[in-house]
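These notes concern the structure reproduced below.
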Amino acid sequence: MMRPLPLASAALAALLCATAFAVTPPVVTGTSAEDAKKFTRQVNEDLKELWTRSSTAEWIKATYITDDSEKLAAWANEALMAYLTEAITASQKFKATKGMDADTQRFLYLLSIATTLPAPSDPKKREELAATAAKLEGIYGKGEYCSKGKDGKERCRDLLELSRVLAESRDYDELLDAWQGWHQIARPMRPLYERLVTLANEGAREIGYDNLGELWRNGYDMPPEEFEKETDRLWEQVKPLYRDLHCYVRAQLQKQYGKDKVPDGKPIPAHLLGNMWAQEWNNIWPLVEPYPGAASLDVTSEIKKQNWDYKKMVSTGENFFVSLGMPKLPKTFWERSMFVQPQDHEAVCHASAWDVTYSGDLRIKMCIQATEEDLVTIHHELGHIYYYINYYTKPVLYQSGANDGFHEAIGDALTLSITPAYLKQLGLLKELPKDQKGLINVQMKDALEKVAFLPFGKLIDQWRWDVFSGKIKPSEYNRAWWELRETYQGVSAPLPRSEKDFDPGAKYHIPANVPYARYFLARILQFQFHRALCRAAGFKGPLYECSIFGNKKAGAKLKAMLALGASKPWPEALYAISGERQMDATALLDYFQPLQAWLKEQNKGRQCGW
Ligand code: X8Z
Ligand code: ZN
């Protein structure tokens, strides 16, 4: 074997030195208000660099999963995590500092919640945490279920294919097979997840939290215990509507699958609701359509018939934002995004939106299919993108939503303006629903997506908060998961489960460690935003008829809120758009008032609940 030339190895060493990048936080020598200001200014600069490095590596990993890309992402994350733990610890020296300006105080608070995965300062443990996190997401992204097809040949299916079965098949056993096949992929995650919890809890304790859940709940401008109560309050507001919907849907499923499979007074088997996690039920619309034919709402067929490609779908979303007075998406967005599933390598298909450099390098990552569901998800992702567009010139700690629920709610709020009239304008509906029956059909379709989601949105972090606090032990992970799913959603495991299974891991946000309470808040906030924007537009009719498409006044209101980023506590951002300071589900309840009245009528004499 040839030895490398001395010159070559010297050059290699130089290259390694040049790329090995470690930033350490500014050293806190004094604790005056001026020192605090200087500290946060430097932290903003450092974090922009570190976040850019880590999201560049994360982007490559997510769009091209290999052992190498996982490693690169883990390394970049390690540097970031090391910095954050140190910087947050250092910032605590300013706890007693008086006379700080409002921005400095806000930066210090935002720094204290700037990580969802805090690492212990021990480098070995940090390395292990970063590698574990990367592996977990990798297992999810590469997940597939191999089984014998009808022709006797073995074939392997990924989440997209299995989800299609869940959405389209009405065959109980075929559904069951796809459901359990996908859930199998999560089994190997269990030891890794357990380790992630231990290490991240240790990291959380080092920066002053009891456990990781307390850190997550601290991100809402109120004490963590108050936030938990706040989510309970919002859930109580919407629970009756959910239970009315559940009761009606269960009765319709009994017609399809029989009472032996879907018994009275019991939770619904999780594989019958059209979605791998039973989180949104829109795919079973044909089974629950209140007045068949009263309003034809099959947008997916029309999208397919007209051969809409990803470009057309994304441009349609962009066009909505532009109609409100927002700019067009930059050329680089079109060049750098991942819009379709790559055929020659693995990628994470779960949709996401990025500003890779925190300065307008905007991209989405999706495996777009020609369906109405994906058209809605595109609007959701563009909501994130237009938030970025409106705040990316700010210091990096301000480059977030007012709270994370706000970020998730923007695109969704606009989808509430995708009314039948707007769909007709797009050429995706032939005729408008004419009467009360048509209205109920439209509302049912909306509720299957929006209302069905609410308990799911709530329970995911209920589970994780209890896991992080130790209330749920590793030996109870799966049992506790299904208890919550039964209690909140009224949905049950369709097969016997055991602690060999790790069903929470079959949902992206668990292995990817993305907090989920944000989506629960977003389902509620989006109606509140919609009501506010409709008022700004001068709309006077019922909320479900309002579309803000093309309305510049509504656009200006929205922009004013987006441009704040995280610079103010969220109640102020909410005030800027709506004149209200509390999160509140009355807008959602008003929106669905006709449907709820109808459901109550339909459910008379039925044994509701579970
Ligand atoms: O994860 C997402 C987005 C990306 S932030 C596609 N959502 C949640 C989910 O898919 O579970 C949007 C709705 C809820
Ligand atoms: Zn999102």
Side-chain angles (χ1 to χ4, degrees), residues 55 58-59 62-63 116 137 140-141 159-160 162-163 166-167 182 186 270 273-283 313-314 317 321 337-339 341 347-355 362-369 371-389 400-416 446 448-464 485 488-489 491 503-527 529 562 588:
S55 50
E58 285 287 337
W59 172 265
T63 56
T116 49
E137 197 180 346
Y140 188 94
L159 178 59
L160 280 191
L162 296 166
S163 290
L166 265 287
W182 177 251
L273 288 152
N275 174 283
M276 190 58 82
W277 311 276
Q279 67 180 66
E280 280 144 353
W281 303 349
N282 34 308
N283 290 318
M313 290 177 63
V314 179
F321 285 87
S337 289
M338 181 189 106
F339 295 110
Q341 184 173 32
V348 179
C349 273
H350 190 86
S352 54
W354 307 54
D355 180 352
L362 307 161
R363 310 168 190 189
I364 62 170
K365 172 184 69 57
M366 257 187 96
C367 300
I368 298 178
Q369 308 200 67
T371 62
E372 183 182 19
E373 199 171 324
D374 275 7
L375 188 61
V376 169
T377 302
I378 287 167
H379 285 76
H380 174 93
E381 297 308 328
L382 293 183
H384 292 306
I385 294 286
Y386 278 93
Y387 224 144
Y388 302 148
I389 288 183
S400 294
N403 70 38
D404 54 8
F406 279 55
H407 227 300
E408 298 302 337
I410 303 305
D412 291 7
L414 299 202
T415 64
L416 296 175
D446 283 348
L448 291 174
E449 193 211 324
K450 306 285 187 188
V451 179
F453 179 81
L454 291 160
F456 185 78
K458 174 91 167 76
L459 76 87
I460 300 270
D461 279 356
Q462 208 65 57
W463 183 80
R464 269 190 297 200
R485 295 205 58 188
Y488 279 97
Q489 278 185 295
V491 157
D503 295 326
K507 174 69 196 164
Y508 171 74
H509 301 71
I510 304 285
N513 196 47
V514 180
Y516 211 82
R518 58 183 64 178
Y519 301 108
F520 173 68
L521 300 181
R523 281 295 140 124
I524 289 170
L525 279 170
Q526 62 188 259
F527 288 88
F529 294 166
L562 299 183
L588 182 151

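Remember, it's 1-based here, ligands and their atoms both numbered in the order they're listed. Throughout, residue positions are numbered sequentially from 1 according to the sequence presented.
Every atom of ligand 1 is numbered from 1 in the order shown, and the set under 4.0 Å from a heavy atom of His384 is 5 (S). Here is the list of ligand 1 atoms found below 4.0 Å of a heavy atom in Gln279: 9 (C), 10 (O), 11 (O). Contact atoms of ligand 1 toward Arg523: 13 (C) (distance under 4.0 Å to a heavy atom of the residue). Short contacts between ligand 1 and Lys507, defined as distances under 4.0 Å to a heavy atom of the residue, involve ligand atoms 9 (C), 10 (O), 11 (O). Taking a cut-off of under 4.0 Å to the non-hydrogen atoms of Tyr516, the atoms of ligand 1 that pass are 8 (C), 9 (C), 11 (O), 14 (C). Residue Glu408 has at least one heavy-atom neighbour below 4.0 Å for each of these atoms of ligand 1: 5 (S). Listed by number with element, the atoms of ligand 1 under 4.0 Å from a non-hydrogen atom of Ala351 are 4 (C), 6 (C).
Between Lys365 and Glu58, none of the side-chain N atoms (NZ, or NE/NH1/NH2) sits under 4.0 Å from a carboxylate O, so this pair counts as no salt bridge.
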(request) Carefully, step by step, assess Phe453 and Phe520 under the rule ring pair (Phe, Tyr, Trp, His ring centres under 6.0 Å). (result) CA-CA 8 Å; Phe453 179 81; Phe520 173 68; 8.4 Å; no
(request) Walk me through it: do Phe456 and Tyr516 pass the test ring pair (Phe, Tyr, Trp, His ring centres under 6.0 Å)? (result) CA-CA 9 Å; Phe456 185 78; Tyr516 211 82; 5.7 Å; yes
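Atom-to-atom distance recorded for Ile524:CD1 and Lys450:NZ is 12.5 Å, nearest 0.5 angstrom.
Atom OE1 is the N, O or S atom of Glu408 at the shortest distance from the Zn ion (ligand 2).
With a cut-off of 2.8 Å, the Zn ion (ligand 2) has an N, O or S atom of His380 in range.
What sits closest to atom 2 (C) of ligand 1 on the protein, heavy atoms only, is His350 NE2, 3.5 Å. Looking only at protein heavy atoms, the nearest one to atom 7 (N) of ligand 1 is Tyr519 CE2, 3.5 Å. Shortest contact from atom 6 (C) of ligand 1 to any protein heavy atom: Glu381 OE2, 3.2 Å.
Of the N and O atoms on the side chains of Glu137 and Tyr508, at least one donor lies less than 3.5 Å from an acceptor on the other residue. For Asn282 and Glu372, the side-chain atoms include no donor-acceptor pair closer than 3.5 Å.
Closest approach of His509 and Arg464 over heavy atoms only: O-NH1, 2.9 Å. What you find for Ala270 and Val491 is that their closest heavy atoms are CB-CG1, 3.4 Å. In terms of heavy-atom proximity, Trp59 sits nearest to Ile364 at CH2-O, 3.6 Å.
Any N or O atom pair closer than 3.5 Å counts here, and His509 shares at least one such pair with ligand 1.
With a 4.0 Å cut-off on non-hydrogen atoms, His407 does not touch ligand 1 at all.
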